[in-house]
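Here, residue 1 is the first one in the sequence, and each next residue gets the next number.
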Amino acid sequence: MNGSPARRKTFAIRQDSVGYTPEEDHHSTSNKHVKIHSLQYLDDESEAYRAFNATNHFHYRGTFWNEGKRAIMVRYFQLFMIGIIQGSIAYFTNVISHNLIEGKYEAVKDILAEGKWITAFLSFYSRQLLFAAFASCAVMIEPMSGGSGIPEVKCFLNGIDLPRVTDIKTGVCKVLGVICSVSAGLPVGKEGPMVHSGSVVATAVSRSSVRNDKARRDFVACGAASGVCTAFSAPIGGILFSLEEGASYWSSSVTFRTFFCSMCSIATLYTWNSVGVQYGKIGFNKLFSFGNFIFEGMETSYSVWELLVFVFIGCMGGLIGAIFNNANERLTHWRIKHVNYSKARRFLEVLVISSIVSTVTFVIPSVFHQCLKLPEADGMSQEQIDLLDRFVEFGCPEGQYNPYASLFFTDANVAIQLLFHMHQHTFPMVSLLLFFFCYISLATLTYGIAVPSGLFVPSLLSGAAFGRLFGNLIYKISPHNVAFSNTYSLIGAAAVLGGMAPLTNNFNFI
């Protein structure tokens with residue numbers, strides 16, 4: 001922040017950051033205090049630099065160990081460290097957020113078991129509000145840590161040197177903030193912030209040896225690929241993300257470096273997971289998991305005529321994504337004018353939206369209270385049997401579950417796996433319809449507030465509910481020789497995700 005001694009003004013690089021005032025846009029020519037520079041990708045052609053290289057070449061001429069080989073060893077050691085650090089950050093981010101979420105729900109379930117509904121709601125509401133406040137405080141400390149961070153990383157990889165986008169302070173606030181925002185039950189994901197985290201780690205590790213912006217950009221591309229890899233356990237997806245969505249310049253050497261860095265990240269995740277098994281902590285090897293899709297006989301096959309239904313679901317997913325993007329864009333413009341110029345207003349907005357999310361999450365399963373018998377485990381795969389324990393009772397007797405609470409009052413990753421993998425009709429159509437409209441509305445309202453957040457999980461979860469709803473409807477019309485609802489859930493998730501964001505090759509690999 002810059003300003004004159006007489007009257008100090010606050011400016012922000014991001015228009016949705018703290019300190020932005022719509023009356024004085026930072027792109028205006030009258031604003032001389034805020035400047036965004038571009039990265040310099042051309043090699044330094046100064047006489048001093050050429051003389052330095054010539055001296056080194058003459059000094060190591062004829063020897064096996066020269067300056068070039070040393071630079072290569074240092075570069076790959078740094079890539080190795082980037083992979084290890086980012087893999088560790090992703091693992092512990094997942095472990096901490098999972099424990100916080102499980103502790104929150106278990107505490108509320110114990111109170112519900114005693115029949116104290118008001119006390120349970122107050123306990124749930126206070127925990128959610130506290131986590132949301134901590135997440136917002138991280139953005140107040142460093143505004144660049146807000147949102148997913150992927151647009152900022154894209155800008156950097158394409159030549160725009162945004163201030164503080166890869167600073168260590170930004171990375172710390174991003175990681176701590178996303179842990180709190182996910183634990184607050186907000187409809188956000190951890191995947192986008194991990195891409196930003198990987199870029200920060202790459203910049204921090206390579207800072208001592210990088211001498212030009214070109215090398216700096218290549219390291220950030222490797223860090224971004226590492227972040228995608230740790231988010232989805234998809235090394236090839238990470239490479240394709242940096243290739244398709246990130247850098248505007250690419251080469252075969254950068255391809256191998258990103259692959260090496262991604263493999264180090266995934267190896268670190270698996271190593272931490274094998275260590276965690278010793279202490280009963282299994283399943284933390286990835287931040288997000290679709291689960292294992294098992295095709296059994298004719299249950300998951302589909303008829304040829306259903307391809308037309310899948311096409312229609314894809315069109316509806318594109319329409320849903322377009323409505324979401326348009327509504328969120330309008331809401332962002334409103335925030336820029338009325339909220340984002342004040343820290344107090346941004347913080348208050350987070351508390352208000354957290355209150356709305358907490359109320360909807362708790363009240364809907366309470367009002368639409370329905371108890372269904374748990375599906376029989378006969379003929380189920382081991383993964384489906386394990387998912388039976390993830391159904392939420394929410395006041396129901398033992399051996400029964402509340403379908404509304406199993407969607408609203410649980411972790412988003414668990415809800416996605418239930419929608420994807422339970423073959424039985426475990427969710428009534430009314431519960432799916434209500435959950436879809438409520439969740440995607442809350443996601444539209446939430447995305448853009450002053451918390452670190454990702455959009456991948458909200459789009460997948462709302463799309464999975466929409467697809468399963470459509471599958472149940474098709475099953476009601478024609479119960480024979482049709483794909484089961486979980487197949488439609490997968491199609492719907494891909495459709496809505498493709499409508500909200502470009503469904504490129506990296507998403508297909510993921």
**Q** Does the side chain of Tyr76 come within less than 4.5 Å of Leu79's, by heavy atoms?
**A** yes
**Q** Parallel, tilted or perpendicular, judged at 30° and 60°: which one describes the rings of Tyr105 and Phe409?
**A** perpendicular
**Q** Can you tell if the side chain of Ser183 reaches within under 4.5 Å of the side chain of Ile179, non-hydrogen atoms only?
**A**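 Ser183 reaches Ile179 side chain to side chain.
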**Q** Roughly how far, to the nearest 0.5 Å, is CZ of Arg127 from OG of Ser358?
**A** 12.5 Å
**Q** Please say which of Ser197, Ser199, Cys261 ends up in a side chain to side chain contact (heavy atoms under 4.5 Å, CB included) with Ser226.
**A**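 Only one option passes, and that is Cys261.
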**Q** With a 4.5 Å cut-off on side-chain heavy atoms, are Thr230 and Leu269 touching?
**A**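 Side-chain contact under 4.5 Å: yes.
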**Q** Kindly assign one of parallel, tilted or perpendicular to the pair Phe80 and Phe77, based on the angle between their ring planes and the thresholds 30° and 60°.
**A**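 Ring orientation of Phe80 relative to Phe77: tilted.
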**Q** Side-chain contact test, heavy atoms from C-beta onward, threshold under 4.5 Å: evaluate it for Cys137 versus Phe347 and give yes or no.
**A** yes
**Q** Examine the side chains of Asn326 and Arg330 and answer whether a donor and an acceptor come within less than 3.5 Å of each other.
**A**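 Short answer, yes.
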**Q** Would one find more than 12 heavy atoms of other residues, nucleotides or ligands at under 6.0 Å from atom CZ of Phe259?
**A** no
**Q** Report the distance from atom CD1 of Ile449 to atom CZ of Arg346, rounding to the nearest 0.5 Å.
**A** 8.5 Å
**Q** Answer yes or no: is there a donor N or O on one side and an acceptor on the other, between the side chain of Ser136 and the main chain of Ala132, under 3.5 Å?
**A**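 No.
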**Q** Using modelled atom types and a 3.5 Å cut-off, is there a donor and acceptor pairing between side-chain atoms of Ser97 and backbone atoms of Asn94?
**A** yes
**Q** What's the separation between atom SG in Cys173 and atom CE in Met140, rounded to the nearest 0.5 Å?
**A**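 Spacing of SG (Cys173) from CE (Met140) equals 11.0 Å.
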**Q** Do Pro187 and Val357 make a side-chain contact, defined as non-hydrogen atoms from C-beta onward lying under 4.5 Å apart?
**A** yes
**Q** So Val200 and Lys174, do their side chains get closer than 4.5 Å, heavy atoms only?
**A** no
**Q** Treating Ser148 as the side-chain partner and Pro193 as the backbone partner, does any N or O pair qualify as donor plus acceptor under 3.5 Å?
**A**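 Side chain of Ser148 to backbone of Pro193, a donor-acceptor pair under 3.5 Å: no, none is there.
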**Q** Look at the side chain of Asn212 and the backbone N and O of Lys214, then say whether any donor-acceptor pair between them is shorter than 3.5 Å.
**A**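 Checking the backbone N and O of Lys214 against the side chain of Asn212, a donor-acceptor pair under 3.5 Å is found.
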**Q** Does the pair Lys343/Glu349 count as a salt bridge with the N-to-O cut at 4.0 Å?
**A**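 Not counted as a salt bridge, because no side-chain N and carboxylate O are separated by less than 4.0 Å.
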**Q** Please tell me if the side chains of Thr170 and Val165 come closer than 4.5 Å, counting only heavy atoms from C-beta onward.
**A**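 In short, these two side chains do not touch, never coming nearer than 4.5 Å.
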**Q** Strictly distance-based, threshold 3.5 Å: is any side-chain N or O of Ser459 a donor or acceptor partner for the main-chain N or O of Phe456?
**A** yes
**Q** Would you say the side chain of Gln128 lies within less than 4.5 Å of the side chain of Lys104, judging by non-hydrogen atoms?
**A** yes
**Q** Using a strict threshold of under 4.0 Å (side-chain N to carboxylate O), is an ion pair present between Arg216 and Asp213?
**A** yes
**Q** Using only atom types and a distance under 3.5 Å, with no angle test, would you say the side chain of Ser354 pairs donor to acceptor with the backbone of Val350?
**A** no
**Q** Classify the angle between the aromatic ring planes of Tyr447 and Phe324 as parallel (below 30°), tilted (30 to 60°) or perpendicular (above 60°).
**A**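 Tyr447 and Phe324: tilted rings.
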**Q** Taking Ala443's backbone N and O only, do any of them form a donor-acceptor pair with Thr446's side chain (distance below 3.5 Å, no angle check)?
**A**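 A pair under 3.5 Å: no.
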**Q** Are any side-chain N or O atoms of Arg345 and backbone N or O atoms of His338, one a donor and one an acceptor, separated by less than 3.5 Å?
**A**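 It does hold such a pair.
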**Q** Under 6.0 Å between ring centres, would you say that holds for Phe408 and Tyr439?
**A**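 No.
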